[in-house]
Amino acid sequence: MKKPITLGDILAARKRIAGHVIHTPLRPSQSLSDHVGTPVWIKCEHQQYTGSFKLRGAANAVLNLTDDQKAKGVVGVSTGNYGRALANAARNAGVRAVICMSELVPKNKVEGIRAQGAEICISGKSQDEAQKEVDRLVNDDGMTMLPPFDHADIIAGQGTLGVEVLEQLPDAETLLVPLSGGGLLAGVALAAKSINPAIRVVGISMERGCAMIESLQAGKPTSVREWPSLADSLGGGIGENNQYTFDMCADLTDDFVLVNEAQIADGIRAAYVDDQQVIEGAAAVGIAALRARLIDNPGRTVVLSTGCNIDMSLHRRIIGGEDVDLANEAEQDSPTSEGA
Ligand SMILES: *Cc1c(COP(=O)(O)O)cnc(C)c1O
């Protein structure tokens, strides 16, 4: 039986990963504060090593392996931020990492992960086929599979972000948290509410298919149609046999908010123009929600800006004010990302 995750696990994670991650700045945003009429801070976690918070969970999970597991190495499936994070965490711990992905994954993403020191294993035409290769490495080579969100050590690692925010701003009233598989929200909300039960946690995702929100509405893990979105890191399902994040998101989230593509683009643009931050779509959903006035009575608010891995030509187009709709562009090769 699974054991519930506690603040103690998060504090242990914090000790374990100290030195492997940086404390990211909490930056007051004058323009967002003016816009909503209440003080707003941006937690600049997009400045984390590897360009996203996913390093916290990955580092915690890798460092918490037994010596035997470390000797045999880790394996994961990811085309995005989690792949980079796991590769980096493993390299720093001197552990072999294999990241499996399908043939359809674009070259720049493959190279981003290879650059972090992982072995890349390209197999099949879908994420599911890549998963078969993972199963083989686990069964034949004794490697350890580390999933992107539904794992106690990953959740505890992401929770260190919540502890850090409350140290930086003990009287925060509302946290705006991007939501996909829910590892981030589960960890951050557990940490924040253990420290201050009155704090409000809002999960924010994109209108184009948030599997967690639809699953919570359906009362069980549900898959959603995948659309190309500016918030590509928020794509993907929550897993049919979800162990942790479904229940934790149900228990710990006060509100859910959805933003559309134009609002996400507006968030990316505002982060750049007003706050000098280059962030990706998934990281912009909180700023987007505030700017679209989708958060009632936010109070002293912290927006988690979670990642910066965005294609630079796409960023340039958005900053230039172009009305980008990726659904109209990606038809030819649209490899649906698993979002992590
Ligand atoms: C993975 C990711 C998220 C969502 O995290 P989950 O734990 O899957 O909910 C948000 N933002 C960025 C940049 C990400 O890479």
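Order of appearance sets the numbers: ligands from 1, and atoms from 1 within every ligand. These figures come from a predicted structure and were not determined experimentally. Both backbone and side-chain heavy atoms feed into the values below; hydrogens, waters and symmetry mates do not.
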Per-residue contact class, [X] against ligand 1 - non-hydrogen pairs under 4.0 Å:
X      : answer
Gln158 : neither
Thr306 : both
His46  : neither

For ligand 1, is there an atom lying under 4.0 Å from some heavy atom of [X]?
X      : value
Phe53  : yes
Ala283 : no
Leu234 : yes

Checklist entry - Is the closest side-chain donor-acceptor distance between Thr24 and Glu45 under 3.5 Å? => result yes
Test item: [X] side-chain N/O and [Y] main-chain N/O as donor-acceptor pair under 3.5 Å:
X      : Y      : answer
Arg84  : Ala115 : no
Ser33  : Ser31  : no
Asp141 : Met143 : no
Ser52  : Gly307 : no
Arg200 : Gly299 : no
Ser223 : Gly237 : no

Heteroatom proximity flag, [X] to ligand 1, N/O under 3.5 Å:
X      : value
Ala282 : no
Phe149 : no
Asn81  : yes

Checklist entry - Among Glu280, Arg84, Lys54, which residue places a heavy atom closest to atom 2 (C) of ligand 1? => result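 Heavy atom nearest to atom 2 (C) of ligand 1 belongs to Lys54.
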Item to check | Option of least heavy-atom distance to atom 7 (O) of ligand 1 (set: Ile310, Val188, Asn309, Leu184) | outcome: Leu184
Atoms in ligand 1 with a heavy atom of [X] nearer than 4.0 Å:
X      : result
Gly183 : 6 (P), 7 (O), 9 (O)
Gly182 : 6 (P), 7 (O), 8 (O), 9 (O)
Gly307 : 13 (C)
Ser233 : 1 (C), 2 (C), 12 (C), 14 (C), 15 (O)

Item to check | ring-ring contact (aromatic ring centres under 6.0 Å, His included) partners of His315, counting only residues at least two apart | outcome: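 His315: ring-ring contact (aromatic ring centres under 6.0 Å, His included) contacts with Tyr272.
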Please list, one pair per line, the donor and acceptor atoms closer than 3.5 Å that link side chains of residues 10-19 to other protein atoms, with sequence neighbours excluded.
residue : atom : partner : partner atom : Å
Arg14   : NH2  : Glu167  : OE1          : 2.9
Arg14   : NH2  : Glu167  : OE2          : 2.9
Arg16   : NH1  : Asn60   : OD1          : 2.7

Item to check | Positive for side-chain hydrogen bond (donor to acceptor under 3.5 Å, both in side chains) with Asn81, one of Asp232, Thr306, Thr50, Asn309 | outcome: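 So, applying the side-chain hydrogen bond (donor to acceptor under 3.5 Å, both in side chains) to Asn81 and each of Asp232, Thr306, Thr50, Asn309, only Asn309 qualifies.
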